[in-house]
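One structure is given below, encoded as structure tokens.
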Amino acid sequence: MSDSSTIEVRLPDGSSRSLPEGATALDLAKSIGSRLAKAAVAAVVNGDERDLGSPLSNGATVSILTNDSDEGRHVLRHSTAHVLAQAVVSLFPGAKFTIGPAIEDGFYYDFDLPGGRTFSDDDLQRIEEEMRRIVTADQPFVRHEVSVADALKMFSDQPYKCEIIERVTSGSADGSDAGEVGSGNSVSVYRNSDSFVDLCRGPHVPSTSRLGHFALMKVAGAYWRGNEKGPMLQRVYGTAWESKAALEEHLHRLAEAEKRDHRRLAVEMDLLSFPSELGGGLAVWHPKGAIVRKLMEDYSRQRHADGGYQFVYTPHLANEKLFATSGHLDFYKDGMYPPMEMDNGTYYPKPMNCPMHCLIFKERQRSYRELPLRLFELGTVYRYERAGTLHGLLRIRGFTQDDSHIYCTEEQLTDEITSLLDFVMSVLRKFGFEEFEFNLSTRDPDKSVGSTEIWEKATEALRTAMDRHGVAYKVKEGDAAFYGPKIDIDVRDAIGRKWQLSTIQCDFNLPERFQLEYIGTDNARHRPIMLHRALFGSVERFFGVLLEHYGGSFPAWLAPIQARVLPVTTAHEDHAAQVAARLRARGFRTDLVAADEQLGKRIRNAKVERIPYVLVVGDEDVAADTVGVNPRGGDVRRGVTVDSFIAELEAAVEGT
RNA sequence: GCCCAGGUAGCUCAGGGGUAGAGCAACGCACUCGUAAUGCGUAGGUCGCGGGUUCAAUUCCCGCCUUGGGCUCCA
């Protein structure tokens with residue numbers, strides 16, 4: 001088919017196309033269609049991402065990356081990061097630039113500014129203006145392969161780039177370095193003006209004019225290579241999209257997420273607060289937050305009772321000897337509150353409940369007939385989180401785990417984990433989560449206890465359980481806790497964000513340390529295996545996630561107030577009070593707001609408070625024993641009998 | 001802990017070297033109203049805390065506390 005002057009390339013749909021020899025990926029895109037050529041940002045040639053300007057070879061399989069695909073946006077963002085670096089280098093002579101990858105929804109670039117200078121918000125504006133100038137200048141991104149020696153010369157005034165080059169070529173690079181430059185004896189660089197060249201593996205868009213729908217978002221500190229002891233760099237975050245509309249949509253999504261911020265909603269809805277007098281990372285629950293929390297906890301207790309768990313309570317403090325035995329003082333001391341001295345002993349607030357549950361197990365001799373023994377506690381723990389990491393309810397210092405420790409035999413392990421997966425998903429579904437992702441964390445040989453055999457057995461049990469369920473999972477190598485492998489379960493919330501909530505962890509360390517034993521059928525002593533598991537994880541954190549998931553509009557069964565009764569005028573207050581009393585008698589959380597203000601205002605207030613049902617009673621309702629029902633997110637219905645509303649509310653509560 | 005940005009009335013925020021302002025909320029009065037903000041009035045602040053510069057600091061400078069965004073860490 002092809003002679004010396006044409007080449008043949010294969011397209012993703014299986015078809016082939018002839019092109020003149022020396023044709024580039026862009027030529028290919030143009031030959032397919034002008035719209036494709038316009039949207040093209042890079043190409044995938046035989047599985048590798050390449051610039052559009054790269055010549056194609058005969059027989060290559062080629063697909064064009066367009067700017068509205070994830071991969072295409074990635075290229076777009078990476079190129080925009082380069083423009084950011086170029087702008088900073090031109091505005092801040094002497095600035096050292098380090099790395100600047102594309103990330104979810106955007107990109108960042110880290111800089112080391114001369115004299116430890118930092119960026120201000122004004123700087124960000126100037127940088128953005130300079131970036132727009134560069135985009136308008138339509139500078140081509142031109143790729144060059146250069147030898148390591150030449151690259152080192154080229155970047156002689158850029159120590160961070162030299163470090164990356166050296167690490168890559170010495171083979172000690174990790175993934176992020178390889179991502180910057182590629183690997184081998186030569187490195188690739190991209191030049192897009194006489195004054196700016198950056199080390200990069202590519203690919204990039206053909207020219208800066210292909211960019212433009214971007215915004216710089218914020219400036220933050222970041223350590224070089226993420227190392228706390230390394231230099232603190234200035235990181236500029238930005239976002240970039242293929243079109244103005246996509247950029248605006250993204251900014252809109254951010255604004256929407258901000259409206260759902262659980263800290264904002266917690267104040268607006270009077271749910272809880274973090275008084276500074278109390279200390280960082282410690283919350284107090286106001287009545288409306290407390291009722292929701294109680295409902296969550298009651299539900300959890302009910303499900304655990306149904307699931308064969310036994311409830312226990314343990315104290316908040318323990319003698320240091322307990323945490324020495326459990327190993328927390330060896331492995332977890334940095335995460336613990338400082339000790340207090342009393343009665344010639346040293347006591348610590350507990351960072352976990354497991355050691356105390358082990359004491360309960362150990363308190364008397366156990367038989368195999370008791371296993372699996374499932375101990376459950378809503379146990380409040382205290383962890384010393386570093387000040388800069390605290391974040392509303394999502395990261396706090398005092399929190400309550402829906403914590404359980406299951407003691408079982410090796411043979412029971414797989415079954416137990418299998419039923420746990422059901423249990424977890426069933427409980428989470430009750431809270432409106434439908435999408436789950438599973439992660440299996442395996443052993444880190446440098447930070448683990450226990451024999452290889454038992455790690456393998458436990459990991460296998462976790463795998464088997466997930467396979468039985470047919471759930472897909474990702475493996476995170478080396479991500480396990482020191483005491484055993486685990487399954488972490490992420491959920492997607494109503495606006496698609498991912499939260500890690502539940503965890504199921506195998507532990508063969510604590511049974512060892514506490515010398516836990518049971519008597520088997522063979523009348524001999526055996527060591528049980530222990531499972532740690534939490535569904536909410538932390539009740540506080542789960543509450544925060546729920547608040548954002550529902551955007552404050554709790555379903556009827558969880559809403560602090562389920563129905564509010566509003567008399568149209570003071571003349572209707574008696575009837576309104578009767579309606580409210582009837583609802584309360586049926587166990588519904590109901591209140592009444594008297595006619596001191598106009599009806600419209602009171603309805604508005606109820607809506608702002610996200611109350612599921614607003615009931616209006618006026619003359620007609622007094623006469624007919626009815627209410628006007630104004631449901632959240634629905635239409636007003638007049639003349640509904642109180643009894644039928646009660647049935648409706650009952651159904652709404654049951655249904656969720 | 002480190003980098004950046006904040007801290008002004010209960011909340012959201014404006015202001016700015018000459019001892020402070022709005023909207024909402026609160027309170028009072030009038031209005032009694034059928035589905036998302038009635039009107040008028042009153043009260044409310046050591047402008048985060050401490051120090052410095054100045055005739056004068058809420059404003060400028062320094063330190064601390066605290067909140068938020070990141071880094072690191074993590075439920």
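Here is how names work: the chains are called A, B, and so on, in the same order as the sequence lines, proteins then strands, and each is numbered from 1. If you're wondering where the values come from, they're calculated on a predicted model, not measured in any experiment.
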- Aromatic ring proximity A/Tyr160/A/Trp224, centre distance under 6.0 Å: yes
- Message: Does B/rC71 have OP1 or OP2 under 4.0 Å away from a side-chain N or O of A/Tyr237?
- Response: yes
- Task: Taking only the side-chain nitrogens and oxygens of A/Arg263, find out if one of them lies under 4.0 Å from OP1 or OP2 of B/rG69.
- Result: yes
- Query: A/Glu548 pairs by side chain to side chain donor-acceptor pair (under 3.5 Å) with which of A/Arg263, A/His262, A/Arg264?
  - Reply: A/His262
- Message: With hydrogens left out and only the distance checked, is there a donor-acceptor pair under 3.5 Å joining A/Glu609's side chain and the base of B/rA36?
- Response: no
- Query: Expressed in whole Å, how much space separates the P atoms belonging to B/rG15 and B/rC3?
  - Reply: 28 Å
- Item | Reading 5' to 3' through nucleotides 30-35 of chain B, protein heavy-atom contacts under 4.0 Å coded B for base, S for sugar-phosphate only, - for none | -BBBBB
- Taking N and O atoms by type only, does the side chain of A/Arg541 place a donor or acceptor under 3.5 Å from a partner on the base of B/rA75? no
- Message: Please tell me whether A/Phe92 and A/Phe111 form a close aromatic pair, meaning their ring centres lie under 6.0 Å apart.
- Response: no
- Item | A/Thr400 versus A/Thr380, side-chain donor and acceptor atoms under 3.5 Å | yes
- Would you mind telling me which of A/Asp591, A/Leu295, A/Val292 makes a side chain to side chain contact (heavy atoms under 4.5 Å, CB included) with A/Pro560? A/Val292
- Item | 5′-ward residue of the pair A/Tyr332/A/Arg604 relative to RNA chain B | A/Arg604
- Task: Please test A/Glu377 against A/Lys350 for salt bridge (Lys or Arg N to Asp or Glu O under 4.0 Å), starting from the C-alpha separation and ending with a verdict.
- Result: CA-CA 14 Å; A/Glu377 175 177 17; A/Lys350 65 174 170 181; 3.7 Å; yes
- For RNA chain B, the dot-bracket pattern of Watson-Crick and G-U pairs whose distances stay under 3.5 Å, | for other-strand partners: (((((((..((((....[..)))).(((((.......))))).....(((((..]....))))))))))))....
- Rounded to whole angstrom, note down the P distance from B/rA56 over to B/rU19. 15 Å
- Message: Show, in sequence, the C-alpha distance, side-chain angles and deciding distance for A/Leu510 and A/His532, and conclude whether the side-chain contact (heavy atoms from CB on, under 4.5 Å) test is met.
- Response: CA-CA 11 Å; A/Leu510 280 185; A/His532 304 241; 4.0 Å; yes
- Considering only heavy atoms and no angle criterion, is a donor-acceptor pair shorter than 3.5 Å present between the side chain of A/Arg395 and the base of B/rC73? yes
